[in-house]
Amino acid sequence: MADGYNPQAIEPRWQQRWLDEGTYEIGNDDPRPPYYVLSMYPYPSGPAHIGHVRNYTFGDLLVRYRTMQGDGVLSPIGFDSFGLPAENAAIKNNVHPREYTDANIETLSSSLRTIGAVYDWRRQVKSHDPAYMKWSQWIFLKFYEAGLVFRADSPVNWCPGCQTVLANEQVDAEGLCDRSGDLVERRDMEQWFYKITDYAQELLDDIDDLDWPHRVKTMQRNWIGRSEGAEFGLPIADADGNARDDVAPLPVYTTRPDTGFGMTFAVMAPEHPRVDELTTADQAVAVATFQVETSAKSDIDRLSTSGAIDKRGVFTGSHVVNPFTGQTVPLYLADYVLITYGTGAIMAVPGQDQRDWDFAKAFGINIVRTVQPDADFDGEAFTGNGPAINSAGVSLDLNGMEIAEAKSNAIEWLSAQGLGEAKVNFRLRDWLLSRQRYWGCPIPIVYCDTCGEQPVPLDQLPVELPDDIEFLPTGQSPLQFHEGFLNATCPNCDGPARRETDTMDTFVDSSWYFLRFADPFNDEEPFSLEAASRWLPVDQYIGGVEHAILHLLYARFFTKALADIGAAPKELREPFKRLFTQGMVRMGGSKMSKSKGNLVAPEAIIADAGADALRLAILQVKPPAEDVDWEDFQIDGCTRFLNRVWRLAVPGSDMHSTVRDGKVTDDDVEIDRATHALIERLTHDYDRWSYNTAVAAMMEFSNVLYRYVQIENGPHGVTLDAGIAALLQVMAPAVPHIAGELFEMRGLGDIHAAEWPVFDPAKLVVATTTMVVQVNGKLRDRIGVAVDISDEDAEAIAVASEGAQRILEGATPRKVIVRAPKLVNIVA
RNA sequence: GCGCGAGUGGCGGAAUUGGUAGACGCGCAGGAUUCAGGUUCCUGUGCCCUUCGGGGCGUGGGGGUUCAAGUCCCCCCUCGCGCACCA
């Protein structure tokens, strides 16, 4: 009598074997076709929770499947190991961030092994490893050389909770820090930036060719936010209403130059540098008061549309000239104009813009429509298309033109007049990378009193973090108090210099780790061009949709910039060919997270049901792209199924007692057909990431084999063996332990080294099929027919069928639609 | 407000080109075997009616196209996600 299924006995053994034998280690000279599967490297926060397990199960399935398909699969793992939580833990528990992080990496690594996920562990990359930091700093300096890094004093997002600046991308729509939830303040500080805006157009254009979820592509397009329009100067008017030529005009940006004749006022942002210059003496107090009020307002108030509009702007006392009409119009400040976009000043056209309409109404400014609204239009500002009206001047007449035509004519006129030109604007801002934190990669710059800002020479990299640090909740980076770190030598004059104490945003680390995986032991360069060409772009990248903008955009920028400075292959324009964004696991209706304390730990489930049952439940419960509630998982059903497979496949099973040999019967042929159909289905389902239906197909086939072993004259040994072998093989990527164990027990060797089974299309052909008989589109009968039945025969059989005749009662059909052999529809 | 995505049994979900709606699993019901157990194996299971032959209804709601609609078109409702004063 064979032993029962015992996952606790077999799973650790297989996991150890994959490690010992280096089954999923791969060399850069591997002869198989290269295929790069990558799951986003995790932040090591402790043991894996079910959300992790789900993500890494999908990746692992693909690694194993592609390997069986004959590819040489690169399956690396690493850790995004810099970041705030380690530093907070250090302050709270007096443990060094390095120790805390290393311990968490150990725990998470072992979690990943216990779910049976396989990697080339030798290639492991950790952000905080000096061997990796060295090249993060090297890239910074190369970008510095190439003019892609700059330092600027600029208004920045300051999070009082994290005590650091944030990138725009890390501030949510309500002006809150996306990590701590604190209200973000605006401060002026000297900060380091990556010049991602140099790549705005290319980052936008190349989205088209990516095999990424539509949603993610849209989010990136919106974030980059390209708009086309015109930039031109508004001359400042003197007391008589004439344009002054002793003062520079006020540049404004608009996407609707066609509506210029409707500009009845102009607006500057309250922070605009020319506010003082353009404010008259009698308005000075009102303007100053307004500026103070606005700066005291949080973004949350400023962005809300609820506040009274008349409180949100102030007249400067000055006028500008509308170049289209030659008339003077008043110049206001208003908080709805943003200093960070365009020129920080606008021409206001209330007839065609609702914000301008509201403002004009509140301040009693007149409104001129320049686009004729539809006849039934009863709204306020009209933003739809229509013929231009009220738009004729001395040298320009737009009347009657539709928007597009009027636009290009207006731009042409502006440039002919020397006033302005066509202009493309992007919403995308440069990437602020400085962080006032300890646990990050130091920015390799020193400041010399005589020579100024100096890059650290490449042969002095990496600039490492000192370990003898005292963590105090001062809100400032401990690096600022560490003399040994601070004191440096100027590489130019050898004089005393002070080291930069800011560290890099952790998104810098994750912007190139996928390249390092291609060549992780290289100590001459971040990675060789050959290694990068071999593996990149990543064939399949897997991660959460929460990285749709930040990480994915930065990584795309780095890849392009690295290629352009010659560090990466010239032709490598995109890092991730295909992207799959898996859904998250919810618990009690909300996202599972450490801070919410609603984590489900996989250990108990693995100890009870086993890793294979857990993996199978993950695959079965929902399509991988969708969010899933933990309450919907069906571990017991999966355990039951694996037990059934075990009983069916284990040598010496009582289910094999009636096996016969000799002649092949119709039953055997049918099982053979089902076996090939199984292979076809699983191949297709794995290819299209339809794992829930893949599991259904396995279960269905095992049910077929269960019925087969119980037929009267018993199953044919050859047919049964082939069916069981195929079942185990298609299950192997999903449940690698049990499949490997049973395959080996049956004397078939190592299932994970076996080739993916191929189905024979000839075997899928059936002789008979069920023909559906409908009357007026309603199902009335089902009849077994030969697949090659003629239309005439099909019609005759259908019309004569019992089900059809119940309705027809001998009457002649008006019409018969025949789709032999599947369907006949009789129109009565 | 704008842009995407989705609404199918008690539940999670299937349904490649319009062609048998509800695969597979959970749950539930009945039976068999065990019978202290989370055992195993069969059978049934969309709703309503039924003389047990079958009939009617049914994929968020309302229209439409078609011999035929979960699938295509129009309008509406609900939920989820993203963006949101970007001139």
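Hydrogens, waters and symmetry mates play no part in the numbers below; they use all other heavy atoms, side chains included. First the proteins, then the strands, lettered A, B, ... as listed; each starts at 1.
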Sorted by chain and number, sequence neighbours left out, side-chain hydrogen bond (donor to acceptor under 3.5 Å, both in side chains) with A:Arg780 holds for none
Per atom distances to the A:Val621 side chain, the nearest of B:G3, B:G12, B:C81 is B:G12
Considering only heavy side-chain atoms of A:Gln634, the closest of B:C26, B:A87, B:G56 is B:C26
Closest to the 5' end of RNA chain B, once A:Phe426 and A:Val628 are matched to their nearest nucleotides, is A:Val628
Judged by nearest nucleotide, the residue sitting upstream toward the 5' end of RNA chain B, A:Asp356 or A:Met699, is A:Met699
Using a 4.0 Å heavy-atom cut-off across all strands, classify [X] as base, sugar-phosphate, or nothing.
| X | result |
| --- | --- |
| A:Ser227 | sugar-phosphate |
| A:Asp632 | sugar-phosphate |
| A:Gln774 | base |
| A:Arg780 | sugar-phosphate |
| A:Arg814 | nothing |
| A:Gly637 | sugar-phosphate |
| A:Val772 | base |
| A:Arg782 | base |

ask   = If we ignore angles and hydrogens, is there a donor and acceptor under 3.5 Å between the side chains of A:Ser227 and A:Tyr253?
value = yes
Does either side chain, that of A:Thr370 or that of A:Gln352, offer a donor lying less than 3.5 Å from an acceptor on the other one? yes
Measure [atom1]/[X] against [atom2]/[N] and give the value in whole Å, please.
| X | N | atom1 | atom2 | result |
| --- | --- | --- | --- | --- |
| A:Lys622 | B:C11 | NZ | C1' | 11 Å |
| A:Asp627 | B:G12 | CG | C1' | 14 Å |
| A:Arg226 | B:C83 | CZ | P | 22 Å |
| A:Glu631 | B:G27 | CD | P | 16 Å |
| A:Ile549 | B:C81 | CD1 | C1' | 12 Å |
| A:Ile635 | B:G12 | CD1 | P | 18 Å |
| A:Phe265 | B:A87 | CZ | P | 16 Å |

Are [X] and [Y] close enough for a salt bridge, meaning some N to O gap below 4.0 Å?
| X | Y | result |
| --- | --- | --- |
| A:Glu380 | A:Lys361 | no |
| A:Asp208 | A:Arg221 | yes |
| A:Glu421 | A:Lys423 | no |

Any side-chain N or O of [X] under 4.0 Å from OP1/OP2 of [N]?
| X | N | result |
| --- | --- | --- |
| A:Lys778 | B:C57 | yes |
| A:Lys822 | B:G19 | no |
| A:Arg427 | B:A84 | yes |

What protein N or O atoms touch nucleotides 32-40 of chain B N or O atoms at under 3.5 angstrom, if any, and at what distances?
residue : atom : partner  : partner atom : Å
B:G38   : N1   : A:Asp608 : OD2          : 3.3
B:G38   : N2   : A:Asp608 : OD2          : 3.4
B:U40   : O3'  : A:Arg647 : NH2          : 3.0

Glycosidic torsion of B:G53 (syn if within 90° of 0, anti otherwise) classifies it as syn
chi for B:G9 classified (syn = within 90 degrees of 0, anti otherwise) as syn
* Would you please indicate yes or no on a ring centroid separation below 6.0 angstrom for A:Phe265 and A:Phe359? => yes
Applying the 3.5 Å cut-off to both distances, the Watson-Crick or G-U partner of B:U17 turns out to be none
As its Watson-Crick or G-U partner within any shown strand, both distances under 3.5 Å, B:U45 has B:G27
Find out whether the Lys NZ or Arg CZ of A:Arg644 is both under 6.0 angstrom from the six-membered ring centre of A:Tyr706 and within 45° of the ring's axis. yes
query = Under 3.5 Å, side chain of A:Thr259 to main-chain N/O of A:Gly262, donor-acceptor pair present?
reply = no
